[in-house]
Every structure is written in structure tokens, then in C-alpha cells.
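The block underneath contains the structure these notes are about, expressed in C-alpha cells.
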Amino acid sequence: MDYKPDIPGNTFFNGEMAAKGYNLNKMFHSLNSAAGREAFRADERAYCEQYRLTPEQTETVLNRDLIRMIELGGSIYYMAKFAGVLGLNVQDVGGLQTGRSTEEFQAYLDSQGRGKTHG
Amino acid sequence: MDYKPDIPGNTFFNGEMAAKGYNLNKMFHSLNSAAGREAFRADERAYCEQYRLTPEQTETVLNRDLIRMIELGGSIYYMAKFAGVLGLNVQDVGGLQTGRSTEEFQAYLDSQGRGKTHG
Amino acid sequence: MAKIIGGITTSHIPAISNAMERGLEDTPYWRDFFAAYPPVRKWLEEQQPDIAIIFYNDHGLEMFLDKKPTFAIGCAAEYENADEGWGIATIPTVTGETELSWHIVNELIEHDFDPTVCQDIKVDHGLTVPLRLMYPDQNYKHLKVIPVCINCERHPMPKPSRTFALGEAIGKAVESFPGDEKVVVFGTGGLSHQLDGERAGFINADFDEECMDKLVSDPKALTKYSNYDLVRLGGSQGVELNMWLGMRGTMTGHVEEIHRNYVAPISNTGAGLQLLRHTPKR
Amino acid sequence: MAKIIGGITTSHIPAISNAMERGLEDTPYWRDFFAAYPPVRKWLEEQQPDIAIIFYNDHGLEMFLDKKPTFAIGCAAEYENADEGWGIATIPTVTGETELSWHIVNELIEHDFDPTVCQDIKVDHGLTVPLRLMYPDQNYKHLKVIPVCINCERHPMPKPSRTFALGEAIGKAVESFPGDEKVVVFGTGGLSHQLDGERAGFINADFDEECMDKLVSDPKALTKYSNYDLVRLGGSQGVELNMWLGMRGTMTGHVEEIHRNYVAPISNTGAGLQLLRHTPKR
Ligand SMILES: [Fe+3]
Ligand SMILES: [Fe+3]
């Protein structure tokens, strides 16, 4: 189903996005391997070009522009490997996408939880 | 469905056979590449051992024992690539499996056809 | 709405493209086989379909046993072939299709099918030989292809009734696609043959003729066969009838056979060819 | 006949095994989460299941977009993990299972499911983190694992009703398997979370609690949700409820919840845990 894009701040990673982002996600998928990560770190732009990203997609990689990356077809599962190369965890990535510091993002998460029952 | 093995001369390539023949078929699948074919031709036994075939499976490869190869889990789709490396076509392979020369096998095929209508 | 204008059944064996490469179409062995294709090519030339949905099976190129789909559908912009063990034939890139294909995927999921969705696959002779048969000069670039790959290599294979139902679901998806595209559907492979074992060489011309008859007039009768039945009646590769059934399932309106041929043996097979005209229900 | 003795729902995020690697289980952040696992481990120790069917999703390791299955099932004798982008954690090989798994495949095909059948796949954290949670010493060699991988990464994803039906078909296949094996079923992942976009950080603890309640008492109600609904109510990764539903579908007899926990947030997620005892109908 191609769902109405009516959930604010959410992009459905559907066929259209998967087609748009194929090379971008394929490049990120190659970061599963240590050799891929090493090559990426050595020359990020060249690595993107090797995977035939569009110039726009390459800019989002170089600029760590995660929101625009998603618009250009990035899937978070592959973007997570990119984040890993940058030494970022999912709370860092959450902060970056929502205009918060990591601590602020953690506080936002906490605000939606039920608190703790042990300890 | 695991069908009764009651069609003479036919082996169903089912889960059991696919499990049994996994390495054998994987080795044959590698013959899709020219490099794989070259390595195979250079040292067939070593190539089989690299793919961790059982000794029995390796013997069927070295001996071109297609019937026994099927019993040990060979799938004809992958065996066909092996036949290609040996310069054999499907009628040669048919002859080898049925105790006929290639010409005899062709005659057997002809005997089951309807003849020709043109030319 | 997009429209299925017709269906074509055809053999897809490598020996065919070998014969075409070597200019053997008019030799005694091949003449009856190739002589039947010009009317189908003429129909394609007249009809100018935009999209071809091609039911085929992968004979050990892309869909290895490590992760073997039951049904796989391609949504890519293009497809290449690859070396299948006897050197890579350099063929023009196959043009893919990225709109109707994703719509089909959405509809299949909505209707409880579980396809493997492919954005990057190599296509084997099962798909490329029919293209060459239809376009001997290999000028098929204009035709957008949607590959639909059926597991015919490792039991358990999808049941004939299931593959037919897949075809029906694909046919309905085509009808609900908001475009004007003319779609032709190929059911490739078959008919009866057995490549493997002491039973190698088995052909059943009577069963093949019956299948071609019933494909037009009573496909549901064919869906009552199990894959065991197809092996018993049509040889171990007789299961390739599944592709023909998938094609036939897409045509939910009125179907008329306007051309047929059958030649046996062609290599190890009974080689059938049918051109079916489809008039959608409306 | 083989028997499903129970089901376990659990989070499967990488942060969990990181925490275990670093000995953080008793720190304030983690304490409530880990403190709930000993009763489940105790139950597993008492029950000694032979086989674990583990519903999980592959987060971009094995099931790339080039050929993405809707449902994939493993029939291999063993499974390894692999580097997912942050170095490969050396974990013991996961023991596979090759008899019941193929029986399940046969039954799924017979009942009109279209699985991708896997004889050689790497398994990602979705499967290995739950194993580590249940066996902190990583002595899980004795447990034969059947991986069942659900597409949760690219829409369209299988409908909750379809994944539940898959579970039902798997459950029936277990019951018809001529052995005495005791089988436990895992539904891993979830609950509500969103990793991506401006909506990152979304959690819906009310919906999570409702899911855990209904999973026991009224799973069919949950199957009425579309994946759109699950994204809206549970975040983009809320679709991981599909694995829980697949697990629940396998239990066609009487289901009793004997343990539950819920902690939010754990990383970005609402992390649920349930132990369900199953008494087959007879
Ligand atoms: Fe074929
Ligand atoms: Fe997950």
C-alpha cells in the first residue's frame, strides 16, 4: 500500500523511496564490512561517487544531513551503519534529526516512558 | 510436499536432497564465473575440497558419475554448469545418465515427438 | 486503466539462442520451431505493447539455494544477464519498469501474497531467450519488462493453483493501475521435459497438447494438478507449466487463441508456442 | 507430535547486548529491564525446549533491497552472525534445525504461503540478542533454532493479519510434525519506536500495554491493524509488532501469560517482555 504521507515527521520507506535511494542504501549497506568502512573514511566523496549516488545524495552524506537524506531515499536501517561509522548511536541520531542535543533527546524519550519500577 | 519416490528414474530435488547437496550445488554454482571454471579445471579435486564436498560427492565429480551425483544431492540446474565446463550439452548428459550414446539419446527423444510439420 | 492485451507461451531454452547465434533457424532440425514465430512477432509489432510481464524461472543464476524465493518480482529500471556457466552472451540491457511493478507489489501484499521484491537482479535465459525470439534483432529496448520468477528448481514448489492465483492477482493489479499502458504477459518455459536421472529424455506430447488446449479453455482444470502430477505427466521440468499458468491467470476476461505451434523434440523438450488475445471484462 | 510449549516476546535491540558486554545490567538505566529476565530463563531451564522458532527482522544485514523477501525461513544446520557496521561481535554459532524446518516449508507451500527458503544466511541482532538475553553465558548450543524473518524495513510489509496467519500455519505444521520435540516460539523486536525523521523518539506506552494485553486475550483485534496504523500508533518501527503476532499465531490452543514486564524508554523503544504458556488443543 502506498500510504498517505500524513503522519508529520514520518516518511514511509516505500517502493518509490526504495527506488530513489537504492544506490544510497547500497553504499551504506557496504559499510557492514570493515573494508567498506575503511574505504569510506579514506575518501567519503569518492566512495559515494563509486556507488553512483546523485550529487544531492552525496551532499547529504558529507553534510550529515539526515533529514534530507531520508527525503532522497535513505532508509534508517542503512543510515544506522553510516551513523556507526561516525561514532553516533541512535540517541545521537535522534537528536540530530529533531534539532535536540543527545541529552535533550534522551529527556524526550524519558518523558514518554513509564519511569522505572526497580532500583 | 515430500512426494513418494515412486517415479522410476526420477529423484525429487526436495529439502532433504537440497540439504544433502548444498555444498556440491554451491560448488557448481560457482562455475557461473569464468574464474571459477578456470580454478576448477586447474585442480578439480582441490576445488571440490575447497567447497567441502564429501569424499563421495568429490568422487562423483571426478568420475562424471551423474546418477550417483544426483543421489548425493546434485541438482541438475547446477550440474548443467558442470556439464558445460566438460563441453557436454543436455543430450550428452541425457545419454550419460541413460546408458546411451548421444545419438541414441537423440533417437529416443525423436521417438517421443510428433515429427515435423514444416520443411 | 492498464490493459492486458494478450499472452504468449514459449520455450526459453538456451539451445534456441545458440541456434539464433549460429544462424540455424532454417535448418531441418529447427525449421518447424522457428517458422512459427513470425506471426507472434507481427502481432507484437502491430500491437506495440508498452510493458511485458514475463513469468520465468531462474535456472541457478540469481536465485541460489542460499535464499531461494518462491515468487520473486522485479521492480528495477533495468536488468542485465550474466554468465550462466558457458560464457556471457553480450545482449542488450533489458529495460525494466518501476511504476506498475511497485503497484503490483503493493497489490500482491494487500491480497496475501508474499513475494520477494527485487531491485537488482540478473536475469537468466528463462527471460532473455523469449525476448530474443520475439525480437531477433535484439531491439527490445522500447519494451519495459517486469520479471516474475517462479521457483521450479527445488521442491516444494508453488502449487499450480497458487501460481495461477498469483497471475490472477497480478492481472487485477494491472487493471487497477491508473495508466493507459498496453501489457503483454509471457508464460515461458516448458513444456514436458526431464533433464535428470535415468528418466532423462522423457517427453509427453499428448499431455503437452492437452495442456495447451486447457490453458485456453479450462485453465482451472490444470490448476488441480499438483507438482507431483506435473513431474509424473510432464517430466521433472514439467513443473515449468507453472509459468504458463501464471500468465493465464492474469487474463481474467475473454481469451482467444490466435496462433499455436508445437514441435517435439526441441532439445529435450516438447516446445509449445501460443498467442492468446485477451479482451478484458468490462 | 511436536508441541509448542510457550511463547516469549522480547526486545532485540543492539544496545542490550552492548549493555551485557559491558556489565551494565544492574545500573539504574538498565536494572528494570534486565531484572525481568531471570523468570523467563528459569522457565526455559525447567522446560528444556528442543527447538526455538524465532520471529525476527533483518535490519540490513542479509536481506538487502536487491532481493528482499516478505517472509524468509531458515532450514540450515547452523547460523553465524556477521558485522552489521560496528564490528563483528564474536558469538557462538547458532545451532539450526533441518527436519521440522523443512516440514514447515512443505506445509507453508501446501497452504498457499510463498516463503523464501534459506539454506545459508547470516543472522543479525534481531535473532542473536534474544538468544543472549535468554542465555547470558551464551551456552545456547543445545537449542535448535528455526529463524523466521519478516520484512519490517520496506513498505509494503506483510499485513499483521498475514503474519498472524503465517504463525497459525507454522503452529499447525509443528503439531503435524511426527516427533516429540518441545518447541518454544519467540516474537522479537518492538514495541513502539521511531528511529527516523523529525518524528524520531516517538514512543506510545499506552498502545504498547494494550498490545501486550490483546496479544494474550484478543490477538485477532491486533490483526485488524494495517501497517499504516502500526506506524501511526507505534512509530515507524511499530511494525515490529508483526513478529509478536507471528509468534502468537503459532499458539492455537490455550494461552496463559505467566510473566510480563514493560520498561520505557530502553534506547528509543518501549521494551516489552512476556512469557506465555501454551496448552495445545487436544
Ligand atoms: Fe526452464
Ligand atoms: Fe528490530
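Numbered from 1 within each chain, the chains take letters A, B, ... in sequence-line order.
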Residue part contacting chain D, namely of [X], when any heavy atom lies under 4.5 Å:
X	answer
A:Gln106	side chain
A:Lys4	backbone
A:Ile7	side chain
A:Phe12	both

| Distance under 6.0 Å and angle within 45° of ring axis: A:Arg41 vs A:Tyr47 |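 No, A:Arg41 does not sit over the ring of A:Tyr47.
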| How are the rings of D:Trp30 and D:Phe34 set to each other: parallel, tilted or perpendicular (split at 30° and 60°)? |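 It falls in the tilted class, 30° to 60°.
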| task | Would you please classify the geometry between the A:Tyr78 ring and the A:His29 ring as parallel, tilted or perpendicular, with 30° and 60° separating the classes? | result | perpendicular
| When only pairs under 4.5 Å are counted, which of D:Asp206, D:Thr269, D:Asp208 shares the most heavy-atom pairs with chain A? |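 Ranked by heavy-atom pairs under 4.5 Å with chain A, first place is D:Asp206.
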| message | Quick check for you: among D:Ser267, D:Gly85, D:Ala82, which has the greatest number of heavy-atom pairs under 4.5 Å with chain A? | response |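 Option with the greatest count: D:Gly85.
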| Contacting moiety of D:Ile13, where chain A heavy atoms sit under 4.5 Å |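 Answer is neither: D:Ile13 stays 4.5 Å or more from chain A.
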| said: Using heavy-atom distances under 4.5 Å, tell me whether D:Asp26 contacts chain A through its side chain, its backbone, both, or neither. | reply: neither
| query | Do the charged groups of A:Glu59 and A:Arg45 touch, with an N to O distance under 4.0 Å? | reply |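 Counted as a salt bridge, because a side-chain N and a carboxylate O are separated by less than 4.0 Å.
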| field | Close side-chain approach of A:Phe13 to A:Ile76, heavy-atom, < 4.5 Å | value | no
| D:Met63 side chain reached by D:Lys122 side chain, heavy atoms, under 4.5 Å | no
| said: Shorter than 4.5 Å, heavy atoms on both sides: which option in A:Leu66, A:Asn25, A:Thr11 has the most such pairs with chain D? | reply: A:Asn25
| request: Would you tell me whether A:Tyr77 and D:Gln237 have side-chain atoms, one donor and one acceptor, within less than 3.5 Å of each other? | output: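 Yes, D:Gln237 and A:Tyr77 have a side-chain donor paired with an acceptor closer than 3.5 Å.
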